[in-house]
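So the structure is just underneath, and the comments pick up after that.
So that the names make sense, note that chain A is the first sequence line, chain B the second, and so on, each numbered from 1.
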There are 2 protein chains.
Amino acid sequence: MNRAEAAEACADRARVRDREATRQRILDSARELFTSSGYAQVSSRMIAAHAGVNVALINRYFGAKRGLLAEVIASEAVFPGIFEGDVQTLPRRLAEYMVRRFNEEGTPLQRALEHSGSDPDLQTVYQERLRNAIIDPLADYIGGPDARVRASLVASLLVGVTVLRRSGGAASLAGQDPTAMVRRLEHCIAACLDTEVG
Amino acid sequence: MNRAEAAEACADRARVRDREATRQRILDSARELFTSSGYAQVSSRMIAAHAGVNVALINRYFGAKRGLLAEVIASEAVFPGIFEGDVQTLPRRLAEYMVRRFNEEGTPLQRALEHSGSDPDLQTVYQERLRNAIIDPLADYIGGPDARVRASLVASLLVGVTVLRRSGGAASLAGQDPTAMVRRLEHCIAACLDTEVG
DNA sequence: TTGACAAGTCAACACTGTTTACTTATACCG
DNA sequence: CGGTATAAGTAAACAGTGTTGACTTGTCAA
């Protein structure tokens with residue numbers, strides 16, 4: 001049994017030195033832990049231990065803990081496939097997506113955001129993501145006058161609903177009949193998207 | 001010059017021992033610092049130093065840093081005077097309030113919430129406040145069928161707008177003509193409040 | 001005046017993210 | 001093949017966090 005085989009057979013100790021593989025291990029561990037426990041609750045040392053890696057490597061490869069999160073966030077889709085289809089039915093699709101997420105415990109990354117969406121450390125990362133992955137694509141998709149304003153309003157509503165999700169307010173939202181809730185949310189989203197308001 | 005006078009003249013050092021006064025000093029310092037810098041950015045030791053008080057007293061009087069924040073938050077009005085007036089014009093008043101806050105740098109406590117709204121430590125406090133000070137009063141005020149659901153939707157929108165405030169999305173919201181923005185927001189809020197949808 | 005009890009202090013705890021100086025494995029080149 | 005440059009990985013420390021328990025000290029009642 002040569003060196004490489006030994007390393008492969010016993011991956012946890014005396015691993016082969018592989019920058020990219022190590023980076024990936026850290027990234028995977030971070031995603032898993034952030035997702036299940038939230039950003040602030042997971043320490044650098046916890047991530048390192050989970051990845052079987054030295055703590056210092058986090059800062060070596062990602063600059064700082066925040067950089068690690070940025071990369072994790074960047075790798076997740078926000079509204080998978082929501083922009084494929086008629087603009088007319090966008091409110092319906094968004095509403096359905098949100099309600100589904102509501103009753104489905106949400107997608108992994110969204111949960112991490114819910115836990116610590118406005119954590120000071122995250123704010124930059126979060127805002128950038130909000131703009132690049134939600135508001136801008138949404139504005140491009142809907143078009144028309146004041147597209148960015150209208151897109152921002154929709155984003156506000158979605159973000160707000162997400163924030164309220166686990167709170168007392170969420171109880172009054174989550175407990176509802178899904179189809180009624182979809183209709184309601186669709187109505188609100190459509191109102192946010194209206195070009196003429198007055 | 002007796003002892004009390006000396007203490008009063010030179011309040012910073014050798015203060016008279018007064019539980020309530022000390023508590024209040026801590027509370028005031030916390031409000032000021034949380035407001036200007038956000039919860040997570042202000043350490044217990046900073047608050048204690050600002051109040052001219054020993055760090056340990058924070059935990060003695062408020063259990064923990066979080067308890068201090070809870071008390072600060074509890075002492076602030078969320079929508080001052082917004083529930084006085086006709087229900088019909090509530091959307092207008094809320095919209096005006098939000099837009100005013102938007103361009104006015106916001107009220108002090110709201111800023112602290114914006115900074116660290118979902119900080120893990122704050123989450124419980126924040127959610128409780130959201131329910132007790134926004135959703136429940138709003139639901140009582142608007143009445144009608146599904147009052148809590150409709151109130152939660154409005155709250156979602158307001159929370160979302162607040163979260164977006166400083167982000168890239170905020171730029172597209174804050175830069176707008178205030179009166180147009182009020183009309184737009186009023187339209188959305190009214191839609192959230194609608195009893196019949198679709 | 002003297003206790004008792006509260007108010008206030010101090011130093012330590014375990015933990016955080018981050019940095020620095022160090023060791024060690026790998027891959028290339030003469 | 002052997003030596004070496006370079007990168008990967010490590011250990012220990014840093015300054016900071018919130019929090020705690022044992023301690024001292026001021027104040028007020030008996």
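Distance CZ (B/Arg60) to P (D/dT24): 15 Å, rounded to an integer number of Å. The separation between A/Asn54 atom CG and C/dG17 atom P is 14 Å, rounded to whole Å. The separation between B/Arg19 atom CZ and D/dT27 atom P is 16 Å, rounded to whole Å. Remark: P of C/dT23 and CG of A/Leu57 are 17 Å apart, rounded to the nearest angstrom. For A/Leu69 and C/dG17, the CG to P distance is 13 Å, given to the nearest whole Å. Look at CE on B/Met46: it is 15 Å from C1' on D/dA15, rounded to the nearest Å. We find that OH of A/Tyr61 is positioned 7 Å from C1' of D/dG9, with the value rounded to whole Å. Spacing between atom CG of A/Asn59 and atom P of D/dG9 amounts to 15 Å, rounded to whole angstrom units.
Atom CG in A/Leu157 sits 6.0 Å away from atom SG in A/Cys188 (nearest 0.5 Å).
B/Ile189 pairs with exactly one of B/Leu94, B/Leu153, B/Leu90 by the side-chain contact (heavy atoms from CB on, under 4.5 Å) rule, that one being B/Leu94.
The listed nucleotides are C/dT18, D/dT19, D/dA8; the one nearest the side chain of A/Arg17 is D/dA8. Comparing atom distances between the A/Ala64 side chain and each of C/dT20, D/dT19, C/dT18 picks out C/dT18 as nearest.
In this structure, B/Arg148 and B/Asp136 have side chains that are in contact, with non-hydrogen atoms separated by less than 4.5 Å.
Considering all non-hydrogen atoms of both residues, B/Tyr61 and B/Arg19 come closest at CE2-NH1, 3.4 Å.
Residue contacts for B/Phe62: at a heavy-atom cut-off of 4.0 Å it reaches no nucleic acid atom on any strand shown.
A salt bridge links B/Asp146 with A/Arg184: the closest approach of a Lys/Arg side-chain nitrogen to an acidic carboxylate oxygen falls below 4.0 angstrom.
Counting atom types as modelled, B/Arg45 pairs a side-chain N or O with a base atom of D/dG18 as donor and acceptor under 3.5 Å. At a cut-off of 3.5 angstrom, counting only N and O atoms as typed in the model, there is no donor on one side facing an acceptor on the other between the side-chain of B/Arg66 and the base of D/dT19.
Within the 4.0 Å cut-off from OP1 or OP2 of D/dG16, not a single side-chain nitrogen or oxygen of B/Ser43 is found. Taking 4.0 angstrom as the limit, B/Thr22 places none of its side-chain polar atoms (N or O) nearer than this to OP1 or OP2 of C/dA7.
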